[in-house]
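See structure below.
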Amino acid sequence: MKKNYLFLFVFLFGALLYVNTLPNKYAYDDFSVIEGNQFTREGLTGIFGHVFNDSFMGFTGKKNLFRGGRYRPLSLITFSIEYQFFGMTPFISHLINVIIYGLICVVLLKVLSALFGDRLAFSKFRDYFLSLSLMATLLFAAHPIHTEVTANIKGRDELLALLFGLLAWNSLIKFTDKSKPQQAAYAGLFFFLSLMSKESAAPFVLLIPVSIFCFRSRVVFRRSVLLTTVSLFAGFVVFLLIRQSVLGWSAKPTTEDNILSNSFMYANGLSERYGTTFYTLWLYMKLLFFPHPLTIDYYPYYIPYVGLTDIRAILAFLLYAGLTATAVIYSYKKNIAGYGLLFFLTALFPVSNLLFIIGPFMGERFVFIPSLGFALALAWALIKVSEKLNLVRFLPFVFLTVLILYSGKTFTRNFDWKDSFTLYTKDVQTSVNSAIITKGAGHELLLRAEVTKDTTVKREYARKAVFYLEQAVKLNKGTTETFLLSNSYYENGEFSKALDMYLVTLNIDKDYDKAFKNYFIGLNQLSDPALKISYCNKLLNTVGDNFEIYYYKGLIFGKELQMADSSIVNLIKANKLDTTKLECMSDIGVAFAMKGNFSQSVYYLSKALAGNPADDKTRNNLTVSLYNLGDIAKAKEVAEKRWPTAASRN
């Protein structure tokens, strides 16, 4: 096979693994960068918003939402361009991700073959399986752990970060081998674009020069190391200056820690902080060798808190200590597997939670770039072990078996990314006891319940939503969890439970406006007026004096219980809290009329009518009260001043 055909094969292999994502809709956090992002929906004009703001500004309207801020404008710019020309079209977004992934595989093969001097020209079929660069590329392409990045449209930040990082690497290899200074300049530009995609590309600033040290002669390394380093650091410094000028040099997060932004917030001291971190590093290694099951959620308490004395943390520490020593020693000896391990460990370190807390315990997307080093080390190991054991003739079968298993898992996992409903309801079965995904699955089921017309199906969705959201509340009792559970109770016809849970939400945050509004919707579903009054009193005890509550109580006392005195007391309290509500004044007037106190009725109805002369209902009530008061002349005068209709005005 000619070299160009081999590159085409690698592109198609990588792309076709994800071709079944093309019919998928938006899922998971795609909403934050496309549908729910103000700057993206502005099209080309929104590009400036992406460039000059924190990457969450377009979604939340807040800067520095998380500690350290987020500045990843390049992928967001591509979404704005897409929206300008295609609108909300997930097919186009998925197609672009698939193409980028295929290109990553091509550039990776170019980099590895250039780095190791692999000619990629084979005379025998078996030779394809002795090509380290080809085997490593195919292992990387097929690995199922990449599905979160490629099948998730938002994962384009990781895709672009690796693509431009590889292009920078490729340019510096050309500069080193052919002494073309312009290639160093290209490398600096590519590395800058890589960082503008996502900060996870930062380790390339060390890994690329080290690769030149490991796989080129001392003379070549010394000749090229200065310009290589300068070009990469130039891209890094320019990015850092832009990033911090946008986010600020000493900016603090605008929101308090929560289990989403800091999974370690409930850890018991440094022992669980670092014990859990080492345990997740163990899980990363397990998923690289055996990528099943996969999930979007690695939050508490699917991942348990683990102390440093736990055997799982101890084994992980010993494993990574050994890997680190092996990587350093064998990289210095210019061993390919040693460099692969060094690449893996160096790329993983910034997202490992060892240096600083990144948010979740772990995530499959975090190992996307590090897995390149794993694929390289694994390919080297397969070749060397087969050679040492004189089993080279079996290597094609072993390699193809691994490749088929990885590819099959990747292809089937893509179906889980069909939409958010499918993804959450599938992964909640894996991430058992997770505070985050139980909330997410419950929310998706609730959304289905709210739009489903069939009563039986609606109640089934609502019942399942209640099941997961009750778990979510037990694991992390926050306003979102309790509010969603309240709504689920409502959709399931459990109105008293819904009201009780809205009270829990409001007890956490008295200003949670949606819970307050929904509370009254729930009240209207109760058939017992006395129970409505009871729940109004509970709400008053929770949020304090409030116009809406007193007004609602006044109406219930007056219209449903025929208790005029109690109605008047509550309506007057409401009126004192907000004198601009004319309907309340009008209802006070009606309540006084019910008691036979027509003088007070006329007083309040007159004030209400003066504020809104077009209110015919208030005018009629005032006319009746004036008649009952005996002021016939005034009653006729009020009646005759009826606000003209549209027809009479014309």
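Note that the numbering runs from 1 along the sequence shown for the chain. Just the heavy atoms: all of them, side chains too, but no hydrogens, waters or symmetry mates, feed the values below.
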Atom [atom1] of [X]: over 12 foreign heavy atoms under 6.0 Å:
X    : atom1 : result
Y301 : OH    : yes
L226 : CG    : no
L270 : CG    : no
R223 : CZ    : yes
K180 : NZ    : no
Y26  : OH    : yes

Geometric cation-pi criterion [X] and [Y], 6.0 Å radius, 45° cone:
X    : Y    : result
K333 : Y339 : no
K409 : Y406 : no
R70  : F56  : no
K154 : Y28  : no

Stepwise ring-ring contact (aromatic ring centres under 6.0 Å, His included) check, F116 with F215: CA-CA 7 Å; F116 305 132; F215 307 113; 5.1 Å; yes
[X] and [Y]: which non-hydrogen atoms are nearest, and at how many Å?
X    : Y    : answer
W417 : E148 : CZ2-CA, 3.7 Å
T40  : F79  : CG2-O, 3.7 Å
L132 : D118 : N-OD2, 4.0 Å
T228 : S224 : OG1-O, 2.8 Å
E199 : F239 : CG-CZ, 4.1 Å
A472 : A435 : CB-O, 4.2 Å

How far does [atom1] of [X] sit from [atom2] of [Y], to the nearest 0.5 angstrom?
X    : Y    : atom1 : atom2 : answer
S352 : I358 : OG    : CD1   : 7.5 Å
F221 : T176 : CZ    : OG1   : 9.5 Å
L288 : I145 : CG    : CD1   : 5.0 Å
F85  : I92  : CZ    : CD1   : 12.5 Å

Taking [X] for the side chain and [Y] for the main chain, is one N or O donor matched with an acceptor at less than 3.5 Å?
X    : Y    : value
S113 : K110 : yes
D157 : K198 : no
S263 : Y299 : no
T410 : A142 : yes
D297 : S431 : no
E158 : G155 : no
S80  : L44  : no
R273 : N353 : yes
N262 : G359 : no
N414 : L17  : yes

From CA spacing to verdict: ring-ring contact (aromatic ring centres under 6.0 Å, His included), F344, F374: CA-CA 6 Å; F344 169 72; F374 169 81; 7.0 Å; no
Verdict with reasoning, F236 to F204, per ring-ring contact (aromatic ring centres under 6.0 Å, His included): CA-CA 10 Å; F236 183 83; F204 277 114; over 10 Å; no
Sub-6.0 Å ring centroid separation between F264 and Y274: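 When the ring centroids of F264 and Y274 are compared, they turn out to be at least 6.0 Å apart.
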Describe, in one word, how the ring planes of [X] and [Y] are oriented to each other, choosing from parallel (under 30°), tilted (30 to 60°) and perpendicular (over 60°).
X    : Y    : result
H146 : H143 : tilted
F190 : F164 : parallel
F140 : F368 : tilted

Pair R216 + D177: basic N to acidic O under 4.0 Å: yes
Pairing of D509 and K514 as salt bridge, 4.0 angstrom limit: no
Flag for W169-S211: side-chain donor and acceptor within less than 3.5 Å: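 Yes - a donor-acceptor pair under 3.5 Å links their side chains.
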Side chains of D419 and T422, donor plus acceptor under 3.5 Å: yes
Sole residue of N152, I104, I96 in side-chain contact (heavy atoms from CB on, under 4.5 Å) with L159: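 Of the listed options, the one satisfying the test is I104.
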Pairwise side-chain contact, I47 with I81, heavy-atom cut-off 4.5 Å (strictly under): yes
Heavy-atom side-chain proximity of H50 to N37 below 4.5 angstrom: yes
Passing candidate, ring-ring contact (aromatic ring centres under 6.0 Å, His included) with F361, options Y279, Y302, F366, Y305: Y305
Y298 vs E364, side-chain hydrogen bond (donor to acceptor under 3.5 Å, both in side chains): CA-CA, chis, key distance, verdict: CA-CA 9 Å; Y298 294 92; E364 292 161 19; 2.6 Å; yes
side-chain contact (heavy atoms from CB on, under 4.5 Å) evaluation trace for I336 with Y330: CA-CA 8 Å; I336 293 175; Y330 282 90; over 6 Å; no
